[in-house]
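Contents: one structure, followed by commentary.
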Amino acid sequence: MKVKVLCRNPDDYVRETTRDIQRVPRNYDPTLHPFEVPREYTRALNATKLERVFAKPFVASLDGHRDGISCITKHAKSLSTIISGACDGEVKVWNLPRQECLRTVQAHEGFVRGICSRFCGTSFFTVGDDKTIKQWNWEAPGYGVREEPINTILGKAVFTGIDHHQREGTFVTCGQTVDIWDEQRSSPIRSFSWGVDSFSCVRYNPVETELLASCASDRSVVLYDTRESAPLRKVIMQLRSNTLCWNPMEAYYFTCANEDYNLYTYDIRHLDVPVTVHMDHVSAVLDVDYSPTGREFVSASFDKTIRIFPKDKGHSREVYHTKRMQHVICVRWSADNKYVLSGSDEMNIRLWKANASEKLGLLSAREKAATHYNKKLIEKFQHHPQVRRIARHRHLPGDILKQKRELREMREAQRRKEQNVRKHSKPGSVPLLTEKEKHVVAVVE
Amino acid sequence: MAPDEEELSINEQAISASEDEGSDDERKHKKLLEAIGSMGGRKRKKQNERSEASVQVSEYFVNAEGTGDKVNLSDLLGTVEKTSGASNKTKKQLRNLQSSKETLELPLNKQQTEKIQRGIAYEKTTAEVSCWKNIILQNQKAEQMVFPLNQESSGPKRVEQVVAGWKVQTPLEQEIFRLLHGSRQPVNDPVLTPVEEQSLKAMSLEEAKIRRAELQKARALQSYYEAKAKREKKIKSKKYHKVQNKAKRKDFLKQFDEMVKTNPEGALEELKKMELSRMEERMSLKHQNSGKWAKSKAIMAKYDDSARKAMQEQLQMNKDLTQKMVVPSDDEHESIEEGLETVPDFVNDPETVIDPVNPWMRGQLTHEEPEVSCVTAEEVQTAEEENEEEEIIGEFERKRKLRQADEEDLIPTEEEQPASEVVEEDVVEVSDKEEEDEDEEEDVSEFNTLFRLMRSEKTREGSNQTRGGLNTAGEEDEEGLLSEGQIRVRSIEDLEVLDEVVEPRAIEEPSAPQTAAAEATSEPPHKKKREINLKEVLTKEAKAVRLPFLPTVVDEEERDEQISIIKEAFAGDDVISDFIKDKSRQEAAGRPAVVDLTLPGWGEWGGVGLKPPRWKRKRFRIKTAPPPPRQDQKLPDVIISEKRTASVASHQVSQLPFPFQNTAQFESSIRTPIGSTWNTQTVVKNMTKPKVVTKLGAIIEPMVKEDFIKSKTTAAGGKGAAIMLGENRRAKEGTKRSAEKHRGRRSQKRKK
């Protein structure tokens, strides 16, 4: 008689080595795993809640300046180093991971208006109210040696901003004119002016490295090409732009921070209408900086908040504020896309996480998978009211909320008035303007 | 002439450049004039000249008459006409100039010129910038972007890449290199060393000739063979290929037989190959008649003889391929293996959970093919039993054919001449359809009877069979497929269950459930047409509750006990009728009520016992439009509540969100799960991959134009620059980019 025995192939359940993970047989038959939508919905809801729970963006505060911070810049080659300039002419070099000041230089008399780092990370330039441009070595001088700049250039007028070329030894300053300098020369190799204005900010395009854009006090944004003899074009807006920033991944887009509480993203090929109007701030926007991935940008405002906007969305995805942070004057996004730095009036530099609920440091594979899954779940169920409600909730200080409400009322009143005017005037005489069209006054060729 | 003129102009420029040098200049000018004069070939008359136009000096040979007058163009031209040296072209131009009276336009003012300049510059820049458009769009659409861009791959590199970037530095390395190259060993492609090549060259003439002839022959043969193969490949006839294949197979078998005798090792290998192909066949569904083609054929099989044949051939092929090679000694192993092979399939089937004890679970309200539920009792069927179905289909196909033949005997008319009677065609078609319907029904009933027959046969066999299951060869051949199904019934319980399934069918009410089943199977095509009578269906199904299918292994007594307990507990609890009542109540509630707005006594006499007149009732009784049909209208066993519940509403999406165009789209996007509970690991990984990936602690540099846009200038630029771009750029990027080099390159470009 035959004896029949159940027998299994050990290959199916025995690991080859002890380092292998245990094989877990799974049956993906959908009948065995019912209710997939409700279960995923619950998971998504939990993920959203956890995201909000873990949203603790504030990392550190660097204190040491004795006046308001007027400008910050990143080291070109080192993630851990930044420099900041204050309103009393002091420049400080910071080490971020240790959160300490490495070096202090009394660079200028009066404000330090602008700082920029050389592309190779060996030196940096500062401009100040004392009409000088100074080049400093990144390396601190030895003990007992006086801090002295490598070069000093005396200008004729006050410089308000500076930016360095991405790959060459030239830099650009702005003041009464936009000047392009060679590092080796003491006079500008070219200067652009178009009407009489003073400029507040000038920036090189990081991709198309010969392009420049500047904000002028006559409410305009002017474009230049260093290879051409004349400026390219100018767009005049209703209020003045304070600063602007080029998108580092998309050559023809830049965003400017305006006095009218909004930011405007322009395509330089079509300057007559901004591509996107970013509105959420309740006071003048003072500074803007793109993330190195070019997907988002951060803006600093006089309303004591920092906001992070996706580059193609009209409203911010994040708002950062603390009780003690005053008017934020300058803001930068770190080169590894993880942090945001802000310098404000009350002499502190603050370090924030760019993604508020992100876990810092190395993640294990399972952690990574879980975060990806959670993110995807939130994205999938983002339209569900509960998920949306939780994901969108942010805390704001009372006065900003109040201002926000006021602003809304004002806008509503303006809209109503415009409607009334339109009703009582000849049809077609009061054109219906979109939000984008409203803010551009003219494009000057 | 022309080159002379050019030279002259150059000289003039040179002179004009150094205008302020005074007397030196004059001398030079004189020299120049002399030089020009000498170049002309012919000797010109030397003229007296004045270097300076002034009235005082001109006492003797120059008239000072017309000093105040203007010199006109015509005065000058008169001499030109006469001089033979001037070309016709210039003369013509001068004449034209003379005749035209226009004055030159004023140059534009500064503002306007600047504006134009700006416009041109802007156009140029925008054109240059728009070359990024494609890249930007591509990046925006990309599912995933990894930053920093242009990362060097961390994995191992190809040897060539490493070697290309490496340079000999130390003297030792140099020496080694010299040695390596000195020995003339093949470095890259170790085919033939130079020495070997030389030796090859040094073959004798005869040898070479023979060699050449051989090669020629081989080439010719190959070309013949190729031509033949091509020709054969072009033949479209399937039959031809079939025959060919068969012949090949036969050939192969013959060879194999020979091989067994002569070369046992080779034979063994062949055997292994065959075994492998058998394994592959068993793994795949290639000849299982489950593909698209097979399905289409299965539909056609009813009507088409050839389709049926093709299907059977496929099955035969499968059988042939899966048949184990008969090696006489391994009989037992084989049987064991067969057993093993059958088990896992059975286990993997997700069994429908049926509680045999709970009568409420057994009563199925839906008309969801009770036949299937009957079969579940012996759900121990594997994929191979599809063959069984094939057999059945074949059988009842045969029967149908017979019957059709009979019918054709009876009605031998319409189908034979359809073209002649156009008018009757419609009628014929209708009748055909009816016939078909009837056919179907008949088919189903036939199928059922067949099925019953089969089952009874099976049970008979089961009872006849001994425990060992030793069948005679003849039996196996007859219905090997059926017996295969039986082999699996091994345990006592299985057998018992089988018996139980069959016994009551034999004893009581043999027809009713079967007809119900038949109806169920024939239902789907008529489903839309017929109104479902709720009660009828339900009562029929209620009968089915008593149908015995008790597949599990619970002890008889225990089960009886349980049943009795449950029956006791639910005594007098008629769930089904309750359900029906409930549903009708809900339906009634959903119907709109008639609103009566009649005011008795309004506009007429009022009082006790007076009824409002008919016209009034007609006018003031308002009937609202009927609501849309209930979702559960055609589902007898479901109540779908159409009320909006507040607790759920807060979790529901009220509007169609933006990117979606209709609700179906949105719902489908929600319906597909992304978690690892429902998807395999790779799928989950793919679905949840983040849009932006950054490397921890890496600086993300802005895009570099040279990486993305291969412009013409860089391609056509200096050779050194191009090489640097192509080869070593990445390596240099990491370290440093010297400004000087770039400036140098730029200046090069500018010069071009």
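The chains referred to below are lettered A, B, ... by the order of the sequence lines, with proteins before strands, and numbering in each begins at 1. Side-chain atoms are counted along with the backbone in the values below, which use heavy atoms only and exclude waters and symmetry mates.
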Exercise for the section: Any pair with a residue in residues 33-46 of chain A that passes side chain to side chain donor-acceptor pair (under 3.5 Å), sequence neighbours left out, goes on the list, sorted by first then second residue, please. Expected result: A/Arg26-A/His33, A/Glu40-A/Tyr373, A/Glu40-A/Lys380, A/Tyr41-B/His651, A/Arg43-A/Tyr373, A/Arg43-B/Thr677

Practice task
Can you measure from OH (A/Tyr253) to CD1 (B/Ile136) and round to the nearest 0.5 angstrom?
Solution key: 6.5 Å

Problem - Contacting moiety of B/Phe666, where chain A heavy atoms sit under 4.5 Å - result: side chain

Exercise for the section: Side-chain contact test, heavy atoms from C-beta onward, threshold under 4.5 Å: evaluate it for B/Phe658 versus A/His383 and give yes or no. Expected result: no

Handout entry: Top contributor to chain A contacts, counting heavy-atom pairs under 4.5 Å, from B/Asn139, B/Ile135, B/Asn679
Key = B/Asn679

Problem - Region of B/Val129 in contact with chain A, defined by heavy-atom distances below 4.5 Å - result: both

Problem - Test side chain to side chain contact (heavy atoms under 4.5 Å, CB included) applied to B/Val704 and A/Arg167, step by step - result: CA-CA 10 Å; B/Val704 180; A/Arg167 260 164 275 161; 3.9 Å; yes

Problem - Part of B/Leu696 lying under 4.5 Å from any heavy atom of chain A - result: side chain

Handout entry: Under 4.5 Å from any heavy atom of chain A - which part of B/Thr694
Key = side chain

Exercise for the section: Examine whether an atom of B/Lys133 lies under 4.5 Å from a heavy atom of chain A, and if so say whether it belongs to the side chain, the backbone or both; otherwise answer neither. Expected result: both

Problem - Largest heavy-atom contact set with chain A, pairs under 4.5 Å, which of B/Gly119, B/Ser654, B/Ser676 - result: B/Ser676

Practice task
Name the member of B/Lys691, B/Glu114, B/Gln652 that forms the most heavy-atom pairs with chain A at distances under 4.5 Å.
Solution key: B/Gln652

Exercise for the section: Could you tell me whether B/Glu128 and A/Arg269 make a salt bridge, using a distance below 4.0 angstrom between a side-chain N and a carboxylate O? Expected result: no

Exercise for the section: Could you tell me which portion of A/Ala369 (side chain, backbone, both or neither) has an atom closer than 4.5 angstrom to a non-hydrogen atom of chain B? Expected result: neither

Exercise for the section: Using non-hydrogen atoms and a 4.5 Å limit, figure out which bit of B/Met687 sits close to chain A: side chain, backbone, both or neither. Expected result: backbone

Completion exercise
The reported gap from CE in A/Met249 to CH2 in B/Trp132 (rounded to nearest 0.5 angstrom) is 9.5 Å

